[in-house]
Visitor: 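Would you mind keeping the following structure in view while I ask a few things?
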Amino acid sequence: MDLAKQAQIVDSIHDTLHDFVGQRLKVRANMGRSKIVESEGTLMQVHPQLFIMEVDRKRGRTARQSYQYVDVLTGMVELSQNGEPLFEPFVPEGDEPGVGSPLMEERVLS
């Protein structure tokens with residue numbers, strides 16, 4: 001996927017999320033090393049490069065977390081509302097970097 005298309009998708013993610021400000025969303029974030037964090041909260045703000053969620057914590061507390069639109073683009077962050085995903089995967093399955101690429105296959109074989 002070329003950079004112009006990626007920029008266009010990031011802009012569309014920003015525009016879509018702008019319509020959800022003040023609404024409750026569920027966030028599923030892949031933090032690496034098989035660690036996936038799920039939380040629910042309110043979308044508070046959208047900025048040109050990131051968005052801010054106020055998520056629920058234990059004992060009625062809340063915390064603010066920020067995420068980048070590019071993480072939604074790459075699938076590292078998934079957003080849903082009422083069990084329905086807000087975005088479909090932008091990268092078709094099997095087209096992820098490293099999966100099925102010759103370089104990755106060399107590493108596996110050697």
Side-chain angles (χ1 to χ4, degrees):
M1 183 182 315
D2 65 354
L3 291 177
K5 179 143 175 91
Q6 289 177 11
Q8 181 182 16
I9 293 172
V10 167
D11 287 342
S12 74
I13 293 169
H14 172 271
D15 294 342
T16 300
L17 287 181
H18 194 272
D19 296 337
F20 284 91
V21 171
Q23 297 185 35
R24 292 196 54 83
L25 301 174
K26 184 175 181 181
V27 179
R28 185 174 191 267
N30 184 339
M31 305 302 281
R33 294 188 176 245
S34 301
K35 182 178 180 184
I36 296 176
V37 176
E38 292 186 3
S39 53
E40 194 168 328
T42 304
L43 179 60
M44 299 303 290
Q45 299 173 350
V46 292
H47 296 280
Q49 300 298 319
L50 56 91
F51 59 97
I52 299 174
M53 299 274 305
E54 189 169 274
V55 297
D56 303 333
R57 294 286 184 221
K58 294 179 181 176
R59 292 174 263 216
R61 294 186 179 193
T62 60
R64 288 193 170 216
Q65 294 180 335
S66 63
Y67 301 97
Q68 295 182 357
Y69 303 116
V70 72
D71 291 331
V72 177
L73 170 69
T74 60
M76 299 300 284
V77 173
E78 299 172 8
L79 298 166
S80 61
Q81 186 178 47
N82 301 323
E84 295 293 321
L86 294 184
F87 304 101
E88 296 297 322
F90 295 102
V91 179
E93 203 166 305
D95 284 353
E96 296 99 8
V99 176
S101 70
L103 184 59
M104 184 60 122
E105 290 172 11
E106 279 181 36
R107 288 186 195 152
V108 172
L109 295 174
S110 39

Visitor: Does some side-chain heavy atom of Asp71 sit less than 4.5 Å from a side-chain heavy atom of Glu78?
Guide: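 No - every pair of side-chain heavy atoms lies 4.5 Å or more apart.
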Visitor: For the backbone of Phe51 and the side chain of Tyr67, can you confirm whether one donor and one acceptor N or O come within less than 3.5 Å of each other?
Guide: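 No, the answer is negative, given that no donor and acceptor are paired below the 3.5 Å cut-off.
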Visitor: For the residue pair Gln81 and Gln23, confirm or rule out a side-chain donor-acceptor distance under 3.5 Å.
Guide: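 Side-chain D/A pair, Gln81 to Gln23: present.
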Visitor: CG of Leu79 to CD1 of Ile13: how many Å apart, nearest 0.5 Å?
Guide: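 So the gap between those two atoms works out to 9.0 Å.
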Visitor: Are Val27 and Val77 close enough that some pair of their side-chain heavy atoms sits under 4.5 Å apart?
Guide: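 Side-chain contact under 4.5 Å: yes.
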Visitor: Tell me the closest heavy-atom pair linking Ser80 and Pro85, and the distance in Å.
Guide: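 The pair with the smallest heavy-atom distance is CB-CA, 3.9 Å.
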Visitor: What heavy-atom pair brings His18 and Val46 nearest, and what distance separates the two atoms?
Guide: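 That closest heavy-atom pairing would be CD2-CG2, 3.4 Å.
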Visitor: Looking only at atom types and distance, does a side-chain atom of Asn82 sit under 3.5 Å from a main-chain N or O of Glu84, one as donor and one as acceptor?
Guide: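 No; zero donor-acceptor contacts below 3.5 Å.
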Visitor: Would you indicate whether Gln49, at its atom CD, is surrounded by more than 12 heavy atoms from other residues, nucleotides or ligands within a distance under 6.0 Å?
Guide: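 It does not: Gln49 CD has 12 such atoms or fewer within range.
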Visitor: State, to 0.1 Å, how close Arg57 and Ala63 come at their nearest heavy-atom pair, and which atoms those are.
Guide: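 Shortest heavy-atom contact: NE-CB, 3.7 Å.
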Visitor: For the atom pair CG (Leu25) and CZ (Phe20), what is the distance rounded to the nearest 0.5 Å?
Guide: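 Between Leu25 CG and Phe20 CZ, I get 7.0 Å after rounding to 0.5 Å.
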Visitor: For the pair Glu38 and Arg28, find out whether any cationic side-chain nitrogen is under 4.0 Å from an anionic carboxylate oxygen.
Guide: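 So Glu38 pairs with Arg28 through a salt bridge.
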Visitor: Going by atom types alone, do His47 and Gln45 pair a side-chain donor with an acceptor below 3.5 Å?
Guide: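 Per modelled atom types, His47 and Gln45 side chains form a pair under 3.5 Å.
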Visitor: If I take atom CE from residue Met53 and atom OG1 from residue Thr62, how far apart are they, to the nearest 0.5 angstrom?
Guide: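 Met53 CE to Thr62 OG1: 11.5 Å, rounded to 0.5 Å.
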Visitor: To the closest 0.5 Å, what do you measure between NZ (Lys5) and CG (Leu73)?
Guide: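 The NZ atom of Lys5 sits 10.0 Å away from the CG atom of Leu73.
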Visitor: Does one hydrophobic cluster hold both Val55 and Val21, with members joined at side-chain heavy-atom distances below 4.5 Å?
Guide: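 Shared cluster, yes.
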Visitor: Measure across Leu43 and Leu17 and return the closest heavy-atom pair with its distance rounded to 0.1 Å.
Guide: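 Distance-wise, the nearest heavy atoms are CD2-O, 3.2 Å.
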Visitor: Could you go through the salt bridge (charged side-chain N to carboxylate O under 4.0 Å, His left out) check for Arg64 and Glu54 one step at a time?
Guide: CA-CA 4 Å; Arg64 288 193 170 216; Glu54 189 169 274; 3.4 Å; yes
Visitor: Determine, using the 4.5 Å side-chain heavy-atom cutoff (strictly less than), whether Ile9 and Val72 are members of one ILVMFWY cluster.
Guide: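 Same cluster: Ile9 reaches Val72 through Ile, Leu, Val, Met, Phe, Trp or Tyr contacts under 4.5 Å.
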Visitor: With rounding to the nearest 0.5 Å, note down the distance linking OH in Tyr69 to CG in Asp11.
Guide: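 One finds 10.0 Å between OH of Tyr69 and CG of Asp11.
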Visitor: Are Lys26 and Leu86 close enough, and set up right, to give a side-chain contact (heavy atoms from CB on, under 4.5 Å), and what steps lead you there?
Guide: CA-CA 10 Å; Lys26 184 175 181 181; Leu86 294 184; over 6 Å; no
Visitor: To the nearest 0.5 angstrom, please state how far the CE atom of Met44 sits from the CD atom of Gln65.
Guide: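 The distance works out to 13.0 Å.
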Visitor: Minimum heavy-atom separation for Leu50 and Ser66, please, with both atom names.
Guide: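 So the minimum-distance heavy-atom pair works out to CD1-CB, 4.1 Å.
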